[in-house]
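A quick write-up on the structure given underneath.
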Amino acid sequence: MEPREIKLPSRCGWEFFIWMMENGQWSVAYRPLRRKEAKMSQQIQERYEDTQLYKIRHSTAHVMAQAVMEMFPDGKPTIGPPVENGFYYDFDLPRNLTPEDLEAIEKRMRQIVQGKHEFKKTVISAEEAKKIFANQPYKLELIEGLEKGGMDEYGNPLKEKPEISIYQQDTFTDLCRGPHVQTTKEIKQDAFKLMSIAGAYWRGDENNKMLQRIYGTAWESKDQLKEYLNQLEEAKKRDHRKLGKDLEIFIFDEEVGPGLPLWLPNGGIIIEELEKLAKELEEKAGYSRVRTPNITKEDLFLRSGHLPYYAESMYPPMELEGVKYYIKPMNCPMHHKIFGAKGRSYRDLPIRLAEYGTCYRYEKSGELFGLMRVRSMQMNDAHIYCGEDQFEQEFMGVIDLYKKYFDLFGIDKYVMRLSLHSKQGLGKKYVDNEPLWVKTEDMVRRAMNNGGVPYVEREDEAAFYGPKIDVQIWSAIGREFSLATNQVDFAVPPRFDLKFTNKEGVDEIPLCIHRAPLSTHERMVGFLLEHYAGNFPVWLSPEQVRVISITDAQNEYVEKIAAELRENGIRAHADLSASRMNAKIRQAQLMKVPYMVVVGDNEMQAGQVSLRVRDGSQENNISLADFIVRVKDRISRRASEL
RNA sequence: GCCGACAUAGCUCAAUCGGCAGAGCAUCCGCCUUGUAAGCGGAAGGUUACGAGUUCAAUUCUCGUUGUCGGCUCCA
């Protein structure tokens, strides 16, 4: 797999879809809109709306709503848009739905679809609409929004005042801008499926009432549906939670606590390798390593601004001798202290302080997700202190580091996101200094544009202290996460009174860049497990070689080989179990060991080995010395080939 | 945190209507001495997540707790 640059039109407002490079082809993925994203989505929704798939999904959602409303005449429908791979519809219902309800609804939908009902559009006035939906409070709220000059169904402002239209099919009428298929005939009764029931807040706001959402998938044909369901099954096999268990990478234990992974020896090896890699590259890039404690006094986090802005994500304090101590959610305040520990000259800058620090964040219980979202994490953290004139070079130096890592891992399915502040979040989520926000956001924009690095912009996703470039990736089951991050901090250095003496002999406040190109160990290993589907390259494989005897007559020889491999810095084990060779090979394959060295009487006599590679290929009667050269080469180059 | 579902041996999963908790793999012990994805036999393995309740009787029904999963919200 060749790493490629993601070709994204920058700053074009195309955020609804994601360009992805897969198997050498550009593809477009549609996925559920989050409230914040919706406002930037207009242009692309147009495009998706043009597709037959969009119309089918949208219309299937209406058919489902009809079935649900027949079942619950007192229910209140809300909105039901097409999303990636399907659609959903949110309802406020008198009782909770059960899986049996879903079956009944699906069955009824198949009947409705076969009725060949027409989807009839009528443009109406707000007054008429209010009459039609008089007993539908959510629809009335939507109509109000439309009437007032444009608020879409997610509660975001629209550019122009839209027309109000309704769509009717069979017995069901919905407030809807369309488009839809002509008749239900275009919805194939064997090409859709209801997938799950979920809770969802009205308009995505956790202060609002929780509605019941039904997710469905819909396609143009039965085969397409089958293929999609197949893909879901395949994705499950790649899920890092399953692979992590099968390959003995990590476990969670109820008694230890949720979101607190225990790394097994195999996971420990992967982490060691990642750290080695990071230290190598960071040393070359001029970083220095520091180490800081896991708990600190309250004062530090008050000064840093974590307590006002980040307290929700922090573990509650422990109190000793009347002093409160917090466990750290980030390393930055301590690095700031190190920077400020002595006088700094512009000649010293930039100063780059790195630490694989362990941090703890109190993530809400429902947000935890395997290794991808945990409460204890070790960050590939560093803070770069520089003058404003050095900013661009330093910021892009970090982006270069990203690229090196992504090339090495063959990561090519990601999107860089410029995460901006939001006006309404100032003083709450974000430090209250709008001019500096605007200024630093421009600085990042300029740097990225000058560097020719494509990115998308997203409002209300910044860190509390400044804008950032996040690298967005998707888990096997399609959830989006920020992997690497590169953040500007204009807010905290002055709070710590950080300064350096510039050329004119005047004190100046440095900018700080927070960066984590390798994310956290937790998220990185989770991601890599899925990225490689457990088939790690040799250098990352917990066990690189398994030496297999055919009968126990070779056991001694096999042990000698394993020992020699280990002498050469190769992670090798001998399988001396009473199993047959076939079973030993199967075990090694299941554990995704890259090399299996097989030894029987023939090899022992000739002083050679036979090699079976993880991909199933074989090379018989090769010399151990040659094999060792090969493995050492792969390891030293961190090569992806076996 | 919110809505919903689920929790049975180390792992993957059975157990009819409330009536003595079962299989495969892994483990241990034998036998087999084997040529590139599971050789055969035997043994052992359980307070059915935890705590209450209903019942003559609870894996099964009810409530609570913990955890996991699908979403929402939130994020490295």
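Throughout, a chain's letter reflects where its sequence line sits, starting with A, and its residues are numbered from 1.
For a distance-only test at 3.5 Å, the side chain of A:Arg523 qualifies as a donor-acceptor partner of the base of B:C75. In terms of polar N and O atoms assigned as donor or acceptor, the side chain of A:Ser519 never comes within less than 3.5 Å of the base of B:A76 in a complementary pairing. On a pure distance criterion of 3.5 Å, no polar donor-acceptor pair joins the side chain of A:Tyr201 and the base of B:G71. Judged by distance alone, with hydrogens and angles left aside, A:Asp552 brings a side-chain donor or acceptor within reach of the base of B:U33, the pair sitting under 3.5 Å. In this model, no side-chain donor or acceptor of A:Asp601 finds a partner on the base of B:G35 within 3.5 Å. In terms of polar N and O atoms assigned as donor or acceptor, the side chain of A:Gln472 never comes within less than 3.5 Å of the base of B:A76 in a complementary pairing. In terms of polar N and O atoms assigned as donor or acceptor, the side chain of A:Glu255 never comes within less than 3.5 Å of the base of B:G67 in a complementary pairing. For A:Arg361 against B:C75, a side-chain-to-base donor-acceptor contact under 3.5 Å is absent. Under 3.5 Å, the side chain of A:Arg373 and the base of B:C74 form at least one donor-acceptor pair of N or O atoms.
Under the rule for a side chain to side chain contact (heavy atoms under 4.5 Å, CB included), the partners of A:Tyr310 that lie at least two apart in sequence or sit in another chain are A:His306, A:Ser313, A:Met314, A:Pro329, A:Met330, A:Arg361, A:Phe464. With sequence neighbours left out, A:His514 forms a ring-ring contact (aromatic ring centres under 6.0 Å, His included) with A:His383, A:Tyr465.
Aromatic ring centroids of A:Phe369 and A:Phe481 lie under 6.0 Å apart. When ring centroids are compared, A:Tyr89 and A:Phe87 stay outside the 6.0 Å threshold.
Side-chain proximity of A:Ser610 to the nucleotides B:G71, B:U33, B:U36 is greatest for B:U36. Closest to the A:Ala583 side chain, of the nucleotides B:A38, B:G35, B:C74, is B:A38. Ranking B:C75, B:C72, B:U34 by closeness to the A:Arg213 side chain, first place goes to B:C72. Which of B:C2, B:A76, B:G35 sits closest to the side chain of A:Met210 comes down to B:C2. With B:U34, B:G71, B:C75 as the candidates, the nucleotide lying closest to the side chain of A:Ala198 is B:G71. Closest contact between the side chain of A:Glu254 and the listed nucleotides B:G67, B:C2, B:A37 involves B:G67. Listed nucleotides: B:G35, B:C2, B:A38. Nearest to the side chain of A:Arg586: B:A38.
Between B:C56 and B:C40, the two P atoms lie 50 Å apart (nearest whole Å). Remark: the separation of the P atoms in B:C17 and B:A9 is 23 Å, to the nearest Å. Nucleotides B:U48 and B:U8 have their P atoms positioned 12 Å apart, rounded to a whole Å.
Rounded to whole Å, the distance from CD on A:Glu206 to P on B:G71 is 19 Å. A straight line from CD of A:Gln587 to P of B:U36 spans 18 Å, rounded to a whole angstrom.
In this structure, A:Asn620 reaches the bases: a heavy-atom distance under 4.0 Å links it to at least one base atom across the strands shown. Contacts of A:Leu211 with the nucleic acid, taken as non-hydrogen atoms under 4.0 Å apart, are absent. As judged by a 4.0 angstrom heavy-atom cut-off over every strand, A:Leu483 is placed among residues touching the sugar-phosphate backbone only. A:Lys468 comes within contact range of the sugar-phosphate backbone alone, with a heavy-atom separation under 4.0 Å but no base atom that close. A:Lys584 comes within contact range of no nucleotide atom at all, as no heavy-atom separation falls under 4.0 Å. Across all strands, A:Gln378 comes closer than 4.0 Å to no nucleic acid atom at all (heavy-atom distances). Counting any heavy atom pair closer than 4.0 Å across all strands shown, A:Arg95 reaches no nucleic acid atom. Among the protein residues, A:Asp470 comes within range of no part of the nucleic acid, since none of its heavy atoms lies under 4.0 Å from any strand. The residue A:Ser365 sits close to a base: some heavy atom pair falls under 4.0 Å. Using a 4.0 Å heavy-atom cutoff across all strands shown, A:Asn96 reaches sugar-phosphate atoms only and no base atom. A:Ala200 comes within 4.0 angstrom of the backbone, heavy atoms only, and of no base. A:Met379 comes within 4.0 angstrom of no nucleic acid atom, judged by non-hydrogen atoms across all strands.
Counting heavy atoms from C-beta outward, A:Phe627 and A:Glu619 have side chains that stay 4.5 Å or more apart. For the pair A:Tyr138/A:Asp90, no side-chain contact is recorded, criterion being any heavy-atom separation below 4.5 Å from C-beta on. Within the 4.5 Å cutoff, the side chain of A:Ser541 has heavy atoms near those of the A:Arg614 side chain.
Between A:Phe406 and A:Tyr402, the angle of the ring planes stays under 30°, which puts this pair in the parallel group of the 30/60° scheme.
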Read 5' to 3' with Watson-Crick or G-U pairs under 3.5 Å, [ ] for crossing pairs and | for partners on another strand, RNA chain B gives (((((((..((((.....[..)))).(((((.......))))).....(((((..]....))))))))))))....
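Under the 3.5 Å distance criterion, the side-chain polar atoms of A:Glu603 are left unmatched by any main-chain donor or acceptor of A:Asn621.
A donor-acceptor contact closer than 3.5 angstrom links the side chains of A:Asp460 and A:Tyr430.
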